K.L.:
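Take a look at the following structure, please.
Computed from a predicted model, the values in this text were never measured in an experiment. Just so we're on the same page: letters track the sequence lines, and every chain starts at 1.
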2 protein chains.
Amino acid sequence: MVSNTDRSGALAQRLSDSGLRSTPQREVIYSVLLGKRDHPTAEEVFARAKPEMPMISMATVYNCLETLVQCDLVRTVNFERGPTRYCPNLYPHAHFHDEATGATHDVDLPPGLLEQVKSILPAGFDASSVEIIFRGKARAQAEAHTL
Amino acid sequence: MVSNTDRSGALAQRLSDSGLRSTPQREVIYSVLLGKRDHPTAEEVFARAKPEMPMISMATVYNCLETLVQCDLVRTVNFERGPTRYCPNLYPHAHFHDEATGATHDVDLPPGLLEQVKSILPAGFDASSVEIIFRGKARAQAEAHTL
DNA sequence: AGTTTAATTAGAATGATTCTCATTCCTAGT
DNA sequence: ACTAGGAATGAGAATCATTCTAATTAAACT
């Protein structure tokens with residue numbers, strides 16, 4: 001398991017790799033994402049960061065999230081007609097969106113699946129990323145499994 | 001090939017199957033989608049419907065699109081941070097989003113792929129739909145291919 | 001310490017979508 | 001045909017998510 005300090009170090013490292021600065025705001029936003037991996041919206045991230053950093057603004061939350069995405073530390077997930085959600089899981093995975101509860105679950109991908117899916121692209125299409133989104137119902141028991 | 005009349009008939013049929021009425025607005029919206037299959041936004045659909053039906057309102061465009069989605073005649077596609085796009089292609093397919101041009105292309109799925117992708121879900125997850133979205137660059141030549 | 005550049009902040013502005021509600025249109029039942 | 005009731009539409013207001021602007025603060029680099 002990776003410690004929190006390592007994570008922060010990783011953040012600082014990634015930021016400086018991209019020529020960006022490590023700031024208290026960015027660290028708080030990132031730790032909020034790591035702390036509860038339920039694919040929060042920017043609004044939710046804001047609410048969770050506020051207690052630790054009461055002066056933080058929504059603009060900063062959006063800026064920091066965008067920064068983390070650029071550093072490849074965070075992915076975004078978009079479901080139809082809802083706000084963008086943020087996910088700090090770096091391993092290749094799909095998303096399952098539970099229509100009953102609104103919850104989002106990470107689904108591990110077997111090795112090779114992404115490559116296989118990419119292989120359906122006709123010549124001339126060069127995909128930099130692939131996203132797989134399931135929509136449906138999950139049993140309560142299954143929910144505990146992933147989140 | 002399916003004629004335009006059959007399509008309209010199909011629309012009327014699907015609507016009444018769902019206990020909904022066939023209206024001029026719904027027909028125009030649907031024919032707009034069938035006419036140019038470039039995954040337009042609601043705003044674009046509105047602009048294309050206006051010449052044929054000058055009094056139509058955005059509210060009606062949204063209502064009709066939503067209705068078509070409910071009848072399974074149209075799918076929605078969401079790319080990050082953009083308006084929802086609409087697609088009348090009923091065959092199972094993935095979407096390729098060209099980051100350079102903003103264009104969206106349908107990508108046919110080989111038989112069995114959706115099932116295979118669904119099979120990665122752990123027990124307890126029951127997916128009613130799967131969406132596969134690629135993001136990347138397409139050569140001009142490849143573009144002509146799909147759209 | 002002083003300059004430069006990046007980052008944050010508050011609030012305004014924009015964009016997309018949904019809501020409200022009055023009006024019009026259908027459809028069914030007389 | 002006539003009318004009551006529900007469905008669909010239209011105009012505009014309201015809401016929600018996100019981006020922009022301009023001013024302030026913080027960090028890094030002489």
Side-chain angles (χ1 to χ4, degrees), chain A residues 11-32 39-50 52-71 73-74 76-87 102 104, chain B residues 11-32 39-71 73-74 76-86 102 104:
Chain A
L11 170 59
Q13 189 58 53
R14 288 287 187 107
L15 286 168
S16 71
D17 284 355
S18 310
L20 300 165
R21 295 175 186 165
S22 179
T23 69
Q25 287 85 350
R26 286 170 178 172
E27 305 220 348
V28 166
I29 297 301
Y30 190 45
S31 77
V32 159
H39 306 82
T41 64
E43 202 77 44
E44 288 163 346
V45 171
F46 178 60
R48 292 175 198 178
K50 208 91 193 244
E52 291 215 38
M53 191 171 267
M55 294 301 289
I56 199 168
S57 74
M58 269 304 293
T60 301
V61 171
Y62 274 102
N63 288 341
C64 291
L65 288 171
E66 175 61 19
T67 300
L68 294 173
V69 168
Q70 278 171 11
C71 294
L73 284 168
V74 168
T76 59
V77 209
N78 285 76
F79 302 111
E80 28 201 284
R81 281 176 203 184
T84 298
R85 294 173 171 279
Y86 297 85
C87 168
T104 300
Chain B
L11 170 58
Q13 188 57 55
R14 288 289 185 106
L15 286 168
S16 72
D17 284 355
S18 309
L20 301 165
R21 294 176 186 166
S22 179
T23 70
Q25 287 84 351
R26 285 169 179 174
E27 304 220 350
V28 166
I29 297 302
Y30 189 45
S31 78
V32 160
H39 306 82
T41 63
E43 201 78 44
E44 287 163 346
V45 171
F46 178 61
R48 292 174 198 177
K50 208 90 194 246
E52 290 215 39
M53 191 172 266
M55 294 300 291
I56 200 168
S57 75
M58 268 305 291
T60 301
V61 170
Y62 274 103
N63 288 340
C64 291
L65 288 171
E66 174 61 19
T67 300
L68 294 173
V69 169
Q70 277 171 12
C71 294
L73 283 168
V74 168
T76 59
V77 209
N78 285 77
F79 302 111
E80 28 200 285
R81 281 176 204 184
T84 298
R85 293 171 173 279
Y86 296 86
T104 301

K.L.:
Looking at A:E27, A:R14, A:Q13, which hits side-chain hydrogen bond (donor to acceptor under 3.5 Å, both in side chains) with A:S22?
P.N.:
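Testing A:S22 for a side-chain hydrogen bond (donor to acceptor under 3.5 Å, both in side chains) against A:E27, A:R14, A:Q13 leaves exactly one candidate, A:E27.
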K.L.:
Is there side-chain contact between B:T67 and B:I29, with heavy atoms separated by less than 4.5 Å?
P.N.:
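No; the side chains remain at least 4.5 Å from each other.
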K.L.:
Nearest whole Å is fine: how far is C:dT9 P from A:I29 CD1?
P.N.:
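It is 9 Å, rounded to the nearest whole Å.
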K.L.:
Roughly how far, to the nearest 0.5 Å, is CG of B:L65 from OH of B:Y86?
P.N.:
5.0 Å
K.L.:
For C:dT9, does OP1 or OP2 lie under 4.0 Å from any side-chain N or O of A:T60?
P.N.:
yes
K.L.:
Expressed in angstrom and rounded to an integer, what is the separation of B:Q25 atom CD from C:dT24 atom P?
P.N.:
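It is 14 Å, rounded to the nearest whole Å.
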K.L.:
Within this structure, what is the NZ-CZ distance for the pair B:K50 and B:F46, rounded to the nearest 0.5 Å?
P.N.:
3.5 Å
K.L.:
Working to the nearest 0.5 Å, report the span between CZ of B:R26 and CG of B:L73.
P.N.:
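One gets 11.5 Å once the value is rounded to the nearest 0.5 Å.
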K.L.:
How large an angle, rounded to 10°, do the end axes of the helix from C:dA1-D:dT30 to C:dT30-D:dA1 enclose when each is built from five base pairs?
P.N.:
30°
K.L.:
Taking atom C1' of C:dG15 as reference, at what distance in whole Å does atom CZ of B:F46 sit?
P.N.:
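It works out to 15 Å between those atoms.
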K.L.:
Mind checking which nucleotides bracket the chain B contacts on DNA chain D, 5' to 3', with an atom under 4.0 Å from a heavy atom?
P.N.:
D:dG6 to D:dT19
K.L.:
To the nearest angstrom, how far is B:E66 atom CD from C:dT18 atom P?
P.N.:
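One finds 7 Å between P of C:dT18 and CD of B:E66, rounded.
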K.L.:
Rounded to the nearest 0.5 Å, how far apart are CG of A:N63 and CD of A:Q25?
P.N.:
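Spacing of CG (A:N63) from CD (A:Q25) equals 10.0 Å.
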K.L.:
For B:C71 and B:L15, work out which heavy atoms get closest and say how close.
P.N.:
SG-CD2, 3.7 Å
K.L.:
Does the side chain of B:R21 get closer than 4.0 angstrom to OP1 or OP2 of C:dC25 through an N or O atom?
P.N.:
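Answer no for this pair, as no side-chain N or O of B:R21 is under 4.0 Å from OP1 or OP2.
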K.L.:
Is it the case that the side chain of A:E44 and the backbone of A:T41 share a donor-acceptor pair, with hydrogens and angles ignored and the cut-off at 3.5 Å?
P.N.:
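It does hold such a pair.
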K.L.:
Check every strand shown and say whether A:T84 touches a base, only sugar-phosphate, or nothing at a heavy-atom separation below 4.0 Å.
P.N.:
sugar-phosphate
K.L.:
What's the shortest heavy-atom distance between B:H39 and B:R85, and which atoms?
P.N.:
O-NH1, 2.8 Å
K.L.:
Mind calculating the distance between CG (B:L15) and P (C:dT27) to the nearest angstrom?
P.N.:
12 Å
K.L.:
Rounded to the Å, how far apart are B:R26 CZ and C:dC26 P?
P.N.:
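Whole-Å distance recorded here is 12 Å.
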K.L.:
Starting the side chain at C-beta, find the nucleotide from C:dT18, C:dT27, C:dT9 nearest to B:Y62.
P.N.:
C:dT18
K.L.:
If each of B:P24 and A:M55 is mapped to the nucleotide of DNA chain C with the nearest heavy atom, which maps nearer the 5' terminus, i.e. the 5' end?
P.N.:
A:M55
K.L.:
Which sits closer to the 5' end of DNA chain D, B:R81 or B:S57, going by the nucleotide each is nearest to?
P.N.:
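Between the two, 5'-proximity favours B:S57.
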K.L.:
Name the residue closer to the 5' end of DNA chain D, choosing between A:M58 and B:V61 according to the nucleotide with the nearest heavy atom.
P.N.:
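The residue mapped nearer the 5' terminus is B:V61.
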